[in-house]
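Below is one structure, written out as structure tokens; comments come after it.
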Amino acid sequence: MMNAANKSVVTEFVLLGLSNSWELQIFFFIVFSLFYVATMVSNSIIVLIVISDSHLHSAMYFLLTNLSIIDMSLASFATPKMIIDYLTDHKTISFDGCIAQIFFLHLFTGTEIILLMAMSFDRYIAICKPLRYASIISPQVCIAFVVSSWIVGTMHSMSQVIFALTLPFCGPNKIDSFFCDLPVVFQLSCVDTYVLGLFMISTSGIIALSCFILLFNSYIIVLVTIKHHSSKGSSKALSTCTAHFIVVFMFFGPCIFIYMWPQNSFVIEKILSVFYTICTPIMNPVIYTLRNHEVNSAMRKLRSKFLNFSTETPSRSL
């Protein structure tokens, strides 16, 4: 029994998904397919707009472009498999595939956390110390922000994977979710889940909560600063910061809830998992685009160029 507990004998996991109802699975297949396509298209458009418009070659939009890339990655680590699984009866994932999902989930979420903090710092300097903005937020600093976010995300992800690989799995292999993550996977292990829960809280929950508190305080300082300046520029800054804070709240809320209380109901975890892996990546471009005049203007220019090119191509061929 001790020998069995010291070695993982589970070679694959069964993903129970969101529902056993065939009708609901068809509904989820259609909805999540549309969400995934919309996520990839909308975030790709943001990346294309920022690259093609020289007016958007600034620190804020450079960070926004990287956020869109991370959102596309976050939407792709599990959603395509979930969509395909709705068309099959046997929904399984190999042990290595499960570990890979845990790695990429924590890589992208860890990277996005640091990137959101960098975006908050950028807005703080732009609004609270505008005269020093150009000297502090240089292109080299922006690149350092992005590189650091990926390094921190990789380190955090590796710690979660190493922890998962040390867990002994000796029997139960049904995961009541549509992808692998530590809060649901560690409950299948053959050890005391209370200790594992403490690890989850210390390595993911507290980190996410601490980062959220820092971001919340920074935006409070920014909003107080904006309040003392009544101008068109201040209105634009308020709109930008409001959009940033909505994104931060939407991303951190589910993460904090899942990792601070890893023994939650599976139903609640499923809803929150859908929210931050499927809904949030598509909401980010919507929030930034609808509330940002510069992005809207650049989008209109790009659309005009595309339409002009489309009308000119047939005439050239004639």
Side-chain angles (χ1 to χ4, degrees), residues 4-20 25 28-29 32 36 70 72-112 153-201 203-205 208 254-255 258-259 261-278 281:
N6 289 330
K7 185 177 180 180
S8 296
V9 296
V10 174
T11 59
E12 67 176 16
F13 294 98
V14 178
L15 299 172
L16 299 182
L18 299 177
S19 173
N20 293 324
Q25 289 189 42
F28 289 144
F29 171 78
F32 293 146
Y36 180 70
I70 294 174
M72 287 189 284
S73 303
L74 184 60
S76 300
F77 89 97
T79 306
K81 175 173 172 50
M82 177 190 66
I83 292 172
I84 294 172
D85 282 346
Y86 283 128
L87 302 178
T88 62
D89 294 327
H90 197 53
K91 304 173 178 61
T92 61
I93 185 171
S94 66
F95 182 84
D96 291 339
C98 186
I99 295 299
Q101 283 195 343
I102 293 174
F103 173 80
F104 286 115
L105 171 63
H106 287 272
L107 170 64
F108 299 139
T109 52
T111 303
E112 183 158 341
T154 301
M155 292 174 61
H156 170 69
S157 182
M158 288 301 298
S159 70
Q160 304 301 298
V161 167
I162 292 172
F163 172 69
L165 289 173
T166 61
L167 296 176
F169 299 97
C170 50
N173 69 334
K174 292 184 178 180
I175 296 177
D176 195 7
S177 184
F178 60 93
F179 68 91
C180 292
D181 192 12
L182 281 181
V184 290
V185 170
F186 81 70
Q187 297 188 39
L188 302 178
S189 64
C190 308
V191 293
D192 184 11
T193 58
Y194 176 76
V195 177
L196 302 180
L198 292 179
F199 175 83
M200 287 292 306
I201 292 173
T203 60
S204 295
C255 289
I258 289 175
Y259 294 107
W261 294 276
Q263 302 287 349
N264 281 319
S265 162
F266 284 122
V267 176
I268 296 176
E269 287 191 359
K270 285 181 182 180
I271 295 173
L272 294 176
S273 296
V274 167
F275 191 80
Y276 81 86
T277 60
I278 298 176

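Just so it is clear, the model here is predicted, and its values are computed rather than measured.
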Keeping the roles fixed (side chain from Ser157, backbone from Gly153), state whether a donor-acceptor pair exists under 3.5 Å.
no

Give the C-alpha distance, both sets of side-chain angles, the deciding distance and a yes or no for side-chain contact (heavy atoms from CB on, under 4.5 Å) between Val161 and Ile99.
CA-CA 7 Å; Val161 167; Ile99 295 299; 3.7 Å; yes

Minimal non-hydrogen separation, Gly17 against Asp176, with atom names:
O-OD1, 4.2 Å

N/O donor-acceptor pair under 3.5 Å between Gln25 side chain and Leu87 backbone:
no

Apply side-chain contact (heavy atoms from CB on, under 4.5 Å) to Phe32 and Tyr36, showing your working.
CA-CA 6 Å; Phe32 293 146; Tyr36 180 70; over 6 Å; no

Worked check of side-chain contact (heavy atoms from CB on, under 4.5 Å) between Leu107 and Ser73:
CA-CA 10 Å; Leu107 170 64; Ser73 303; over 6 Å; no

Run the side-chain contact (heavy atoms from CB on, under 4.5 Å) test against Thr11 and tell me which residues pass, sequence neighbours left out.
none

Scanning both residues in full, the closest heavy-atom pair of Lys81 with Thr92 reads NZ-O, 2.9 Å

Atom CZ in Phe29, atom CE in Met82: separation rounded to 0.5 Å?
10.5 Å

Straight-line distance of Thr79 OG1 to Phe77 CZ, nearest 0.5 Å
7.0 Å

Could you report the tightest heavy-atom contact between Leu105 and Thr109, atom names first, then the distance?
O-OG1, 2.7 Å

What's the shortest heavy-atom distance between Asn173 and Glu12, and which atoms?
ND2-O, 3.2 Å

Kindly give the heavy-atom pair with the smallest separation between Gly97 and Ser94, and that separation in Å.
N-OG, 2.9 Å

CA sep, side-chain torsions, deciding dist, call: Cys98, Val185, side-chain contact (heavy atoms from CB on, under 4.5 Å)
CA-CA 9 Å; Cys98 186; Val185 170; 3.9 Å; yes

Kindly assign one of parallel, tilted or perpendicular to the pair Phe169 and Phe13, based on the angle between their ring planes and the thresholds 30° and 60°.
perpendicular

Out of Asp85, Leu15, Ile83, Thr277, which residue meets the side-chain contact (heavy atoms from CB on, under 4.5 Å) rule with Phe178?
Thr277

Going from SG on Cys180 to CD1 on Ile93, what distance comes out if it is rounded to the nearest 0.5 angstrom?
4.5 Å

